[in-house]
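Counting convention: from 1, in listed order, for ligands and their atoms alike. Since the model is a prediction, treat every value here as computed from it, not as a measurement.
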Amino acid sequence: MIKGKIISYLGDLGEIYYEKKSIFCTPKGLFKKIGIKPAVGDDVTFDEEKKVILEILPRKNYLLRPTLANLDKAFVVSSLKEPDFSRELLNIFLSFLAPYDLEISLIFTKVDLVSDLPFELIDDYKKLGYPCYLFSKYEDNQELLSKLNGTIAFLGQTGVGKSTIINQLIPSAKLETSSISKALGRGKHTTTKNILIPFENGFLCDTPGFSSVELSYFKEDLARFYPGFKNYVQDCYFHDCLHGKEKNCAIIKAMNEGKINPIDYEIYLKLLNGLPYRKDRFK
Ligand SMILES: Nc1nc2c(ncn2[C@@H]2O[C@H](COP(=O)(O)OP(=O)(O)OP(=O)(O)O)[C@@H](O)[C@H]2O)c(=O)[nH]1
Ligand SMILES: [Mg+2]
Ligand SMILES: [Zn+2]
């Protein structure tokens with residue numbers, strides 16, 4: 001019985017990486033019976049001769065969209081242009097990732113396409129607790145690679161440059177990339193499945209980009225998981241504060257002290273407005 005890690009999974013065939021090589025295996029029948037499907041990132045034991053996955057080892061975490069197991073870190077990638085940067089989309093996506101036990105950093109790509117570097121933007125997100133990096137495919141980005149270890153996913157909208165970054169960091173990856181659609185102003189969903197690329201200190205994970213994210217939250221969830229709010233919510237007067245007009249709200253206080261940008265707060269209110277109350281469920 002040998003241990004390995006699933007680096008890609010298509011149909012019923014998982015590619016398992018072990019001892020600097022890989023092997024294709026199918027899950028044993030029992031998994032299907034009990035409704036368990038191995039995921040990219042799963043640590044497994046397998047039978048090398050029969051080419052069968054025997055056991056999925058306990059997962060540290062399990063991200064649903066995209067389906068990935070055992071991530072240590074995630075880089076949320078946004079382009080400054082082509083497609084245009086959307087603060088709202090980034091904030092929605094960060095809210096969606098917040099409940100997972102993940103270290104999240106941000107990469108802003110295509111800096112070569114803008115005349116002014118977005119220092120204020122970076123400053124805002126650093127204040128909220130996210131390490132931030134700038135990327136241009138025309139520059140050397142090896143410094144970024146030296147900071148990476150563990151299993152690290154690159155997530156974000158289609159066309160922002162996730163596969164391009166990984167190709168730069170690990171040239172042997174040779175991932176497919178393609179220019180964005182002029183008509184739609186966004187990417188073409190070039191990457192269609194999750195794939196882990198082994199490197200010295202772990203795995204980089206390329207993922208298919210999305211074109212929109214649905215925030216299937218209740219108001220109460222957004223109030224907790226909105227980017228940066230977790231640093232302050234415990235100080236709100238009401239434990240179920242939605243950070244609107246409530247008395248002694250720590251979020252409003254943090255905003256007044258310059259720790260949260262009023263633009264992010266405005267986006268929060270707009271998103272909050274479109275979500276149902278959790279309480280409605282029990283009426
Ligand atoms: N000018 C410029 N173009 C870039 C940069 N990074 C990526 N691109 C281009 O952006 C386009 C999309 O890049 P991809 O790497 O395919 O984007 P992706 O995020 O993997 O897209 P999906 O696989 O669809 O999710 C390609 O034409 C890249 O060459 C950059 O720093 N500057
Ligand atoms: Mg891609
Ligand atoms: Zn509050």
Q.
Using the side chain to side chain contact (heavy atoms under 4.5 Å, CB included) definition, which of the options T191, I195, I197 pairs with I166?
A. I197
Q. Has Q142 got more than 12 heavy atoms of other residues, nucleotides or ligands less than 6.0 Å from its CD?
A. yes
Q. What protein heavy atom sits nearest atom 29 (O) of ligand 1, and how far away is it?
A. K137 NZ, 2.8 Å
**Q.** Y17 six-ring centre to K5 NZ/CZ under 6.0 Å and within 45° of normal
**A.** no
Q. Quick one: does T109's side chain have a donor or acceptor within less than 3.5 Å of a partner on V160's backbone?
A. yes
(Q) Report whether any nitrogen, oxygen or sulfur of T164 sits less than 2.8 Å from the Mg ion (ligand 2) (N, O or S, backbone or side chain). (A) no
**Q.** G209, any N or O under 3.5 Å of ligand 1 N or O
**A.** yes
Q | Atom indices of ligand 1, in the order listed, that fall short of 4.0 Å to a heavy atom of V160 | A | 17 (O), 19 (O)
Q: Number the atoms of ligand 1 from 1 as they appear, then name those within less than 4.0 Å of a heavy atom of S179, with their elements.
A: 27 (O)
Q.
Let's go through E176 and T190 carefully: what are the C-alpha distance in whole Å and the side-chain angles of both, what is the deciding distance for side chain to side chain donor-acceptor pair (under 3.5 Å) to 0.1 Å, and is it a yes or a no?
A. CA-CA 7 Å; E176 195 189 335; T190 310; 5.7 Å; no
Q. Cation-pi between K247 and Y237: NZ/CZ under 6.0 Å from ring centre and within 45° of the ring axis?
A. yes
Q. With respect to atom 12 (C) of ligand 1, which of P83, S178, G161 exhibits the smallest heavy-atom separation?
A. S178
Q) If you measure every N/O of T164 against every N/O of ligand 1, is any gap under 3.5 Å? A) yes
**Q.** Neighbour count above 12 (heavy atom, 6.0 Å) for K193 NZ
**A.** yes
Q: Flag E176 as yes when one of its N or O atoms lies below 3.5 Å from any N or O atom of ligand 1, and as no otherwise.
A: no
Q) For ligand 1, which part of T109 has a heavy atom less than 4.0 Å away: the side chain, the backbone, both, or neither? A) neither
Q.
For the 3.5 Å polar cut-off, considering only N or O atoms, please tell me whether T207 and ligand 1 meet it.
A. no
Q. Which angle, to 10 degrees, forms at the Mg ion (ligand 2) with OG of S163 on one side and OG1 of T191 on the other?
A. 90°
Q | Same apolar cluster (I L V M F W Y, side chains within < 4.5 Å links), L148/I165 | A | yes
Q. Under 3.5 Å, is there a donor-acceptor pair between the side chain of D72 and the main chain of E103?
A. no
Q.
Below the 3.5 angstrom mark, is there an N/O of D112, backbone or side chain, next to an N/O of ligand 1?
A. yes
Q. For D42 and Y62, what are the C-alpha separation, side-chain angles and deciding distance, and is it a side chain to side chain donor-acceptor pair (under 3.5 Å)?
A. CA-CA 9 Å; D42 266 331; Y62 184 69; over 6 Å; no
Q.
Heavy-atom contact check, 4.0 Å cutoff: does G187 meet ligand 1?
A. no
Q. Counting heavy atoms only, which part of L175 comes closer than 4.0 Å to ligand 1: side chain, backbone, both or neither?
A. neither
Q | Heteroatom distance test (S163, ligand 1): nitrogen or oxygen, under 3.5 angstrom | A | yes
**Q.** Shortest protein heavy-atom distance from atom 24 (O) of ligand 1, along with the residue and atom involved
**A.** T158 OG1, 2.6 Å
Q: Output yes when the distance from some N or O of ligand 1 to some N or O of G159 is under 3.5 Å, and no in every other case.
A: yes
Q | ligand 1 to T191 polar contact by distance, N or O atoms, under 3.5 Å | A | yes
Q) Counting from 1, what ligand 1 atoms have a heavy atom of F135 closer than 4.0 Å? A) 6 (N), 31 (O)
Q) Using a heavy-atom cut-off of under 4.0 Å, does the side chain or the backbone of K162 touch ligand 1, or both, or neither? A) both
Q: Give the residue, atom name and distance (to 0.1 Å) of the protein heavy atom nearest atom 8 (N) of ligand 1.
A: K110 CE, 3.6 Å
Q) Name the one of V40, D43, I6, T151 that satisfies side chain to side chain contact (heavy atoms under 4.5 Å, CB included) with N70? A) D43
Q: Kindly say whether L144 contributes a backbone atom to a donor-acceptor pair with the side chain of N141 at under 3.5 angstrom?
A: no
Q | Opening angle at the Zn ion (ligand 3) [SG, C241; ND1, H243; to 10 degrees] | A | 100°
Q.
Please list, in number order, the atoms of ligand 1 under 4.0 Å from a heavy atom of L113.
A. 1 (N)
Q) What are the atoms of ligand 1, with element, lying closer than 4.0 Å to any heavy atom of S136? A) 31 (O)
Q. Around K188, counting heavy atoms of other residues, nucleotides and ligands shown, do more than 12 lie under 6.0 Å from its NZ?
A. yes
Q. When hydrophobic residues are tied together by side-chain contacts of less than 4.5 Å, even through go-betweens, does F46 share a cluster with L196?
A. yes
Q) Which atoms of ligand 1 sit under 4.0 Å from any heavy atom of H189? A) 24 (O)
Q) Once the angle between the rings of H243 and Y268 is folded into 0 to 90°, is it parallel (under 30°), tilted (30 to 60°) or perpendicular (over 60°)? A) tilted
